[in-house]
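Note that this is a predicted model, so its numbers are computed, not measured. Basis for what follows: all heavy atoms, side chains included, without hydrogens, waters or symmetry-related copies. We number each residue from 1, following the sequence as shown.
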Amino acid sequence: MENNPEDEHLSMLVLIGGGGHCKSVIDAAKRMNCFDEIVITDPNIKQGTRVLGCTVAGTDDCLEELHRQGFEYAFVTIGSVKINLLREKIADKVAALGYTFPVIRDPSAIVSGSAIIGDGTFIGKNVVINAETKIGRHCIINTGAIIEHECSIGDFTHISVGTILCGEVTVKDNCMIGAGTTVIQRININKNVVVGANSAVLADVEENMKCYGIVNNRGGV
Ligand code: JB2
């Protein structure tokens, strides 16, 4: 499932978005030791600027030319603190240009051999992903998150730093689970949900909800 580079040929990667999340991804990508060249596109950072040793090549208008030059891999490094629609829009555009999306997984992460990770997903430092978990495309599983056995995470969902999903939790597409949240076992969180930082999710959450604190059957704090 992991769409990652073979050792034999030059692996060139474009990161889309040069802010804070990009730095986390660069650090992990370098530690993976499988990309020979990494550049960045960003409309708000001057061309030629270096970010952790990687050059800003220009705006997203460069993506077509970079692909022609041999950049085969791309990765959306715009994080988010809300619903991830911009990430989705950019991923569609970049896929149409012919790029392949790798999984970028920091070597410190512990990922079960029976877990399935979708293309374009980031797995940060000290993440644990346990047996038979499925994670969709273009997700962010950020530093120190624990995703227990048999969880299911949709596409473009962001599990923020230090979050714990207990066993058999489902989190659907385009969700943002805030830092330090715990979701107890067998809970279903529907699509487009935002859960505030440090919450405890004890009941299922309907789609398009924003919730925080102790999320119980009364739907709130
Ligand atoms: O359309 C775009 C675009 N829109 C914004 N194309 C490209 N190539 N880049 C775009 N950007 C760029 O994304 C902005 O110009 C900016 O440089 C970058 C976003 O950086 P920022 O540091 O504001 O946020 P972030 O998304 O890298 O990080 C957030 O998400 C992470 C997961 C923060 O909340 C972090 O604290 C968090 N860890």
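Residues K134 and I153 fail the side-chain proximity criterion, which asks for heavy atoms closer than 4.5 Å. Side-chain contact between I129 and I117: present, with at least one pair of heavy atoms (C-beta onward) separated by less than 4.5 Å. Side chains of D60 and V94 form no contact here, defined as non-hydrogen atoms less than 4.5 Å apart. The side-chain heavy atoms of V25 and F75, taken from C-beta on, include a pair separated by under 4.5 Å.
At least one donor-acceptor pair under 3.5 Å links the side chain of S199 to the backbone N or O of G196. Distance alone, capped at 3.5 Å, places no donor-acceptor pair between the H138 side chain and the E88 backbone. One N or O on the side chain of Y99 and one on the backbone of H67 form a donor-acceptor pair closer than 3.5 Å. Distance alone, capped at 3.5 Å, places no donor-acceptor pair between the T41 side chain and the V14 backbone. The backbone N or O of V127 sits nowhere less than 3.5 Å from a side-chain atom of S108 that would complete a donor-acceptor pair. In this structure a side-chain-to-backbone donor-acceptor pair under 3.5 Å is missing from Y212 to V194. Looking only at distances, a side-chain donor or acceptor of D36 sits under 3.5 Å from a matching main-chain atom of S11. The backbone N or O of C22 sits nowhere less than 3.5 Å from a side-chain atom of T77 that would complete a donor-acceptor pair. Judged by distance alone, with hydrogens and angles left aside, the side-chain atoms of T133 form a donor-acceptor pair with the main-chain N or O of E148 at under 3.5 Å.
Hydrophobic clustering places L52 together with M32 (ILVMFWY residues linked when any side-chain heavy atoms are closer than 4.5 Å, directly or through intermediates). L97 and I78 end up in the same hydrophobic cluster when Ile, Leu, Val, Met, Phe, Trp and Tyr side chains are linked at under 4.5 Å. A continuous path of hydrophobic side-chain contacts links I147 to V205 [ILVMFWY only; heavy atoms under 4.5 Å]. The hydrophobic cluster containing I90 also contains F101, counting ILVMFWY residues as joined when their side-chain heavy atoms lie under 4.5 angstrom apart, directly or transitively. I135 and I146 are assigned to two separate hydrophobic clusters, defined by single-linkage of ILVMFWY side chains at heavy-atom distances under 4.5 Å.
Between the CG atom of N174 and the CZ atom of F156 there is a distance of 7.0 Å, given to the nearest 0.5 Å. If you take NZ on K30 and SG on C54, they are separated by 4.5 Å, rounding to the nearest 0.5 Å. The CG atom of N190 sits 9.0 Å away from the OG1 atom of T170 when rounded to the nearest 0.5 Å. The CZ atom of F35 sits 12.0 Å away from atom CD1 of I26, with the distance rounded to the nearest 0.5 Å. Between atom NE2 of residue H149 and atom CG of residue N130 there is a gap of 7.0 Å, rounded to the nearest 0.5 Å. Rounded to the nearest 0.5 Å, atoms OG1 (T59) and CD1 (I16) are 11.5 Å apart.
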Take K210 and V193 through the side chain to side chain contact (heavy atoms under 4.5 Å, CB included) test and state the conclusion after the steps. CA-CA 6 Å; K210 285 189 181 171; V193 165; over 6 Å; no
Verdict with reasoning, H21 to I140, per side chain to side chain contact (heavy atoms under 4.5 Å, CB included): CA-CA 10 Å; H21 183 54; I140 299 172; 3.7 Å; yes
With side chain to side chain contact (heavy atoms under 4.5 Å, CB included) as the test, would you mind laying out the steps for I184 and V201 before giving the verdict? CA-CA 6 Å; I184 65 164; V201 182; over 6 Å; no
Let's go through V39 and E37 carefully: what are the C-alpha distance in whole Å and the side-chain angles of both, what is the deciding distance for side chain to side chain contact (heavy atoms under 4.5 Å, CB included) to 0.1 Å, and is it a yes or a no? CA-CA 7 Å; V39 298; E37 192 174 348; 4.1 Å; yes
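Qualifying side chain to side chain contact (heavy atoms under 4.5 Å, CB included) partners for I45, counting only residues two or more places apart in sequence or in other chains: D42, T49, V56.
Pairing each heavy atom of S114 with each of A131, the nearest pair is OG-CA, 3.4 Å. Between C139 and G154 the shortest heavy-atom distance is SG-O, 2.9 Å. Closest approach of P107 to A28, counting heavy atoms only: CD-O, 4.3 Å. Residues I189 and C175 come closest through the heavy atom pair CG2-SG, 4.1 Å. The minimum heavy-atom distance between C62 and G58, with the atom names listed, is SG-CA, 3.6 Å. Scanning both residues, C151 and C166, for their nearest heavy atoms gives SG-O, 3.2 Å.
Within a 6.0 Å radius of CD in E207, more than 12 heavy atoms belonging to other residues, nucleotides or ligands are found. The local environment of CG in L202 is crowded, with over 12 non-hydrogen atoms from other residues, nucleotides or ligands closer than 6.0 Å. At most 12 non-hydrogen atoms from other residues, nucleotides or ligands lie less than 6.0 angstrom from NZ of K23. Other residues, nucleotides and ligands contribute more than 12 heavy atoms inside 6.0 Å of the CD atom of Q69.
Looking at D27, T143, N142 one by one, the single match for side chain to side chain donor-acceptor pair (under 3.5 Å) with K125 turns out to be D27.
Applying the salt bridge (Lys or Arg N to Asp or Glu O under 4.0 Å) test to every pair with at least one member in residues 153-172, sequence neighbours left out, gives these pairs: R137-D155, E168-R186.
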